[in-house]
Structures are given as structure tokens and as C-alpha cells.
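Take a look at the structure set out below.
Count residues from 1 along the sequence.
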Amino acid sequence: MLERILKKYQKYVMLIDPRIERYVKAEKELKLTLALIPASLTLLVLSFIGLLKADLTLITSLSALLAVLSSHKVLETLTSVSFINKRLDDELPFAVLTATAASKTGLEFVEFLRFVSTSRIFKSFRSLGERFVKLAELLGITEAIMILSRISSSKTKYFLIEYTVALSSGTALSQLRDNATDFLKTISSQITRSIYFRVNAGITACVGLTVGPLIAVSMTFLVGEELVSIIVPTLVLVGFLLTSLFPDYPVGLQVVVDDNVLNVFRASYVAGTAVLIFPLQYMVNGDLTSFIKTLQHASVASLVLGLLPVTLYLKAVLDTSIDKILSRASNHVRVFRSFHLYNDDELRKTLRKCVKSWLMIYLSEALAFLKRLGDCDPEVFELFTNFVYEVRRTLKQYVSSLIIMSLVVVLAPFLIASTISLGYELTSLTNIILVSYVSVLTLSYSVSKIILGKNISTAYPGIAVLILTISLPIK
């Protein structure tokens, strides 16, 4: 059994890092982790059997910390593999459609794997491309793709297996075009399902984070003030999990930010968050009036700090220039049946922007790949054009979800403030305002992650807290 686990882990390491020395170290790495995890629990066992006299909470925390530290490398590998495999399945339709756009022999996907090894946006397929280039030199094309299928999973795995069989039987061209047609039919519904999932998650979070905590606070006159000390950490934990674990959009709706600008966005995010937390010192001192006044000013500052990132992000997602660029490319290939002489100034200008849509960069790389291949059949390229238009069609659902989520952020603080005005006589006003404040922060940060897909802006938390402070019964 240990041998099977080791082989599985080595396969995961191959997907993440192609270096031979990393593959060789994988066995020692896994065995060391399997040995250290039981050892890290020794303190806990000794405490249970009475040989070690110490605080149980401290011992449990220490044992958990040692277990995490000892398994850090393995956990990091498994997390990276999970991310890469999920992203591979997201990128697969775009990879297949790019290869199919100029398909004549069926070998275009092989050429795409070579091309994608230097890609900026195919982050997971780039790792496959890097391995393919090295393996193909040693083992040949068919064997190299078969090895790639063994280290990948889910849809990508089955596609690579089918493609390998098709290469051997001489049906690669029809297999490639059939898969492209299937992806064309399903891509819109896949992205739409993801958008609807985000809407449902946002509404559920709104209900849970507005009504639930306030009902719990209203019960403190029965249970005791200690209940607040449980509610607040729970809300903070829920907010942390939602903002950390909630996934980004499918690649077709993602936004790419230049590294330097992304660092600026992250700095403004941290600063906006710190500004919103700062007024808590007045609540600790029992000065609610100063707390609310300071929080009002802080929310305006946080809103201002978050405006630029959210504006540039939404502008990139909703950019309509991609439709014009795609139309010009389609007209060019109809006339010249090739992309050899194709250049688009608007595309080049858009790519120089610091914040741009993933789809725009994808279109740029797809056209570069087609230019590299040479001749292009207009009828085959139309399949690619229709695919991009299908992805763009989902923007209607995106805008609808954006409006719904924005309304959630705006209306939830009003609901919480009205509940405070009705129920603050049942319990301490300080407690109910504290829980309301944390609830609004948790909700707004969670909805911000749901809307934008990334933690880059404090605009939504800023406006939510501002509405709460204006609506509170205390001035």
C-alpha cells in the first residue's frame, strides 16, 4: 500500500516540477512526513494518559502546529496538484479550440503543446507543454502525450488518451474537431452555471450573516453575555474561509493584472482593511459615539482606496473591443486565408493596459499561434470565432449577478440597522453593534470576493459599513 501511495505522490510531483532531482526527493519527502505526523501527536497522547501535566488546549494547539509543519511540503504539493488539475479542465476547451482553429492534419494540438510551453495565461497547460517538449525529444510524440495523460486527471486525462488513440489510428483531425464542436455547445452553460452558483452563494451568505447573528445576540438575555464571545470569532472565521477558499471565476471571465499594479492593489486592500478595523479601539473603551463617527470616516477612506481596483477590474471584464478585434480577424482570414500579415493596433494597445481580461490575452496568443502555423481555413476559423462569442454571451448573466450582489451589499446594512433599532433593548447595545459591525464586514468582504473573484478591493466593505453607520440608531 505504501508503494502505491509513493507512486501516486511521485506522479503528482512530476506534474508540478519536471526536474529529476525533485522526483528523486519525493520518496524521502513523503516517508519523512509519514513518520513525523505520528511523532507530532506524542505530546497529545502523553497528556491524555497523564504523563504530561500541561494545559490541554496548549498541548492540542502545539501538536496540531507540529503536524502541519511536518506535512507542509506534502500538503503544498497536493494543493498545487488540485489547483493545476482543476485549471487544466478549465483551460482545455480554450486549448482545443485554438488548435482546431487552423486544423488540417490533426497534429495541430501537438504544435499547440509546444507553443503553450511559453504561454503567459495557460498556466496549467504551460506545465504540460514544458514536459511535453522534453518528453517528445526522448520518447516521441505519442508516448509523450500518453505520459501526460497519466499525470493529469478528469477531462484532460480522457481527452489526451483519446487523442493518443486517434493519432495512432489516423483519426486525430476528426477527433479534434468533434471535441471542439462539443466544447462550443457546452462552454456557455458551464460558465453560466458558475455565475448562478456565485449568486446563490451570495444570497445565502446575506441571509446567514444578517439574520443569524442578530437572532443569536437577541438570545443573550436568556443565555448570557458569553454568547457574544462565541459569535464574533465565528463570524471572523467564516469571513476568512469565504474570502480564502471561494474560487475565482472560470478562466473566460477572469482578469489579469500586471505584477506591479497587483502589488499596489494588494497594498490598498490591506490599508483599506486596516482603516476599517482601527475604530474598534473606541468600542473597547466603551465610547460608542466616537466609534460610529470614526467608523463613518474610515468607511469613506476604505471606499476611496478600493474604487480604483474595482473600476479597472470591471472595465476589463466588460471591455467590448474584443468583439471588434475578433470581427476584423475573421474578415482578414476570409480574404487572405492566413494570419501571416495580420496586425491589429487596437489589440496591441489593449494588451499594454495594466489590467485586462484573460479572454483578450487568450485571443492574442491564439492569433499568434495561428500566425505561426501559416494557412487558415475561414470555415474552420469560424468555429473558433463562435466559441469566443459564446464565452462573451455569458456577460449578460455576469452583469445580472453583479447587480444582484451589489444590491445585497447595499440593502443588508439597512436590514441589520433596522433590526438593531428594534432589538437593542433586549441586550447590551455595545454587543449588538459589535456583532452587527462584524456581520457587515464579513458579508461585504465575502460578497466582494464572490463578485470580483479576487481579494483586491475594499470598495464593497467601505460602502456597506458607511451605510450601516448612517442607519444606526445612535449618532
Ion pair Arg87/Asp90, N-O distance below 4.0 Å: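 No salt bridge links Arg87 with Asp90.
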Glu346 with Lys349: basic N within carboxylate O range, under 4.0 Å: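 Salt bridge absent between Glu346 and Lys349.
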Could you check [options] and say which one makes a side chain to side chain contact (heavy atoms under 4.5 Å, CB included) with [X]?
X	options	answer
Met360	Val256, Val255, Ile121, Asp319	Asp319
Ile191	Val251, Thr394, Thr186	Thr394
Ile456	Val355, Leu262, Val261	Leu262
Ile325	Asp344, Asp345, Val388	Asp344
Val440	Thr469, Val465, Ile467	Val465

[X] side, atom [atom1]; [Y] side, atom [atom2] - distance, nearest 0.5 Å:
X	Y	atom1	atom2	result
Leu312	Cys354	CG	SG	6.0 Å
Phe115	Arg372	CZ	CZ	6.5 Å
Ser152	Leu92	OG	CG	9.5 Å
Leu160	Leu128	CG	CG	6.5 Å
Thr98	Leu363	OG1	CG	9.5 Å
His332	Phe339	NE2	CZ	6.5 Å

Test item: Asp89 side-chain N/O and Thr156 main-chain N/O as donor-acceptor pair under 3.5 Å: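 Judged by distance alone, yes, a pair lies under 3.5 Å.
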Any donor-acceptor pair under 3.5 Å from Gln296 side chain to Ile470 backbone: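 The answer is no, because no donor-acceptor pair under 3.5 Å joins these two groups.
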Stepwise side chain to side chain contact (heavy atoms under 4.5 Å, CB included) check, Leu468 with Phe414: CA-CA 6 Å; Leu468 177 68; Phe414 282 117; over 6 Å; no
Candidate pair His297 and Thr294, rule side chain to side chain contact (heavy atoms under 4.5 Å, CB included), full reasoning: CA-CA 5 Å; His297 295 138; Thr294 308; 5.6 Å; no
Chi angles and distances behind the side chain to side chain contact (heavy atoms under 4.5 Å, CB included) call for Tyr460, Ser446: CA-CA 10 Å; Tyr460 286 104; Ser446 301; over 6 Å; no
Crowding at [atom1], [X] (>12 non-hydrogen neighbours, <6.0 Å):
X	atom1	value
Lys155	NZ	no
Ile463	CD1	no
Arg393	CZ	no

Centres of the [X] and [Y] rings: under 6.0 Å?
X	Y	value
Phe387	Phe381	no
Phe109	Phe159	yes
Phe94	Phe384	no

Considering all heavy atoms of both residues, which atom of [X] and which atom of [Y] are nearest to each other, and what is their separation?
X	Y	answer
Ser194	Pro250	OG-CD, 3.2 Å
Arg198	Asp248	NH1-O, 3.5 Å
Ala412	Leu443	CB-CD2, 3.2 Å
Lys449	Phe246	NZ-O, 2.9 Å
Ser119	Glu365	OG-OE1, 2.6 Å
Glu390	Ser188	OE1-CB, 3.3 Å

Residue pair Leu113 / Phe125, side-chain heavy-atom distance below 4.5 Å: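 When only atoms from C-beta onward are counted, Phe125 and Leu113 do touch, with a gap below 4.5 Å.
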By side-chain hydrogen bond (donor to acceptor under 3.5 Å, both in side chains) - contacts of Gln281 (at least two apart):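 Gln281: no side-chain hydrogen bond (donor to acceptor under 3.5 Å, both in side chains) contacts found.
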Worked verdict on Tyr445 versus Thr273 for side-chain hydrogen bond (donor to acceptor under 3.5 Å, both in side chains): CA-CA 10 Å; Tyr445 273 99; Thr273 302; 2.8 Å; yes
Worked check of side chain to side chain contact (heavy atoms under 4.5 Å, CB included) between Val317 and Tyr249: CA-CA 11 Å; Val317 175; Tyr249 281 98; over 6 Å; no
Geometric class of the Tyr362/Phe122 ring pair [parallel <30°, tilted 30-60°, perpendicular >60°]: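 The arrangement is perpendicular - the two ring planes meet at more than 60°.
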Qualifying salt bridge (Lys or Arg N to Asp or Glu O under 4.0 Å) pairs with a residue from residues 250-264, counting only residues at least two apart or across chains: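 Checked against salt bridge (Lys or Arg N to Asp or Glu O under 4.0 Å) - neighbours excluded - the pairs reaching residues 250-264 are Asp258-Lys356.
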side-chain hydrogen bond (donor to acceptor under 3.5 Å, both in side chains) between Ser330 and Glu382, intermediate numbers included: CA-CA 7 Å; Ser330 184; Glu382 190 174 348; over 6 Å; no
Check: Ser357/Gln254 side-chain N/O donor and acceptor closer than 3.5 Å: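 Checked: Ser357/Gln254 side chains show no N/O donor-acceptor pair below 3.5 Å.
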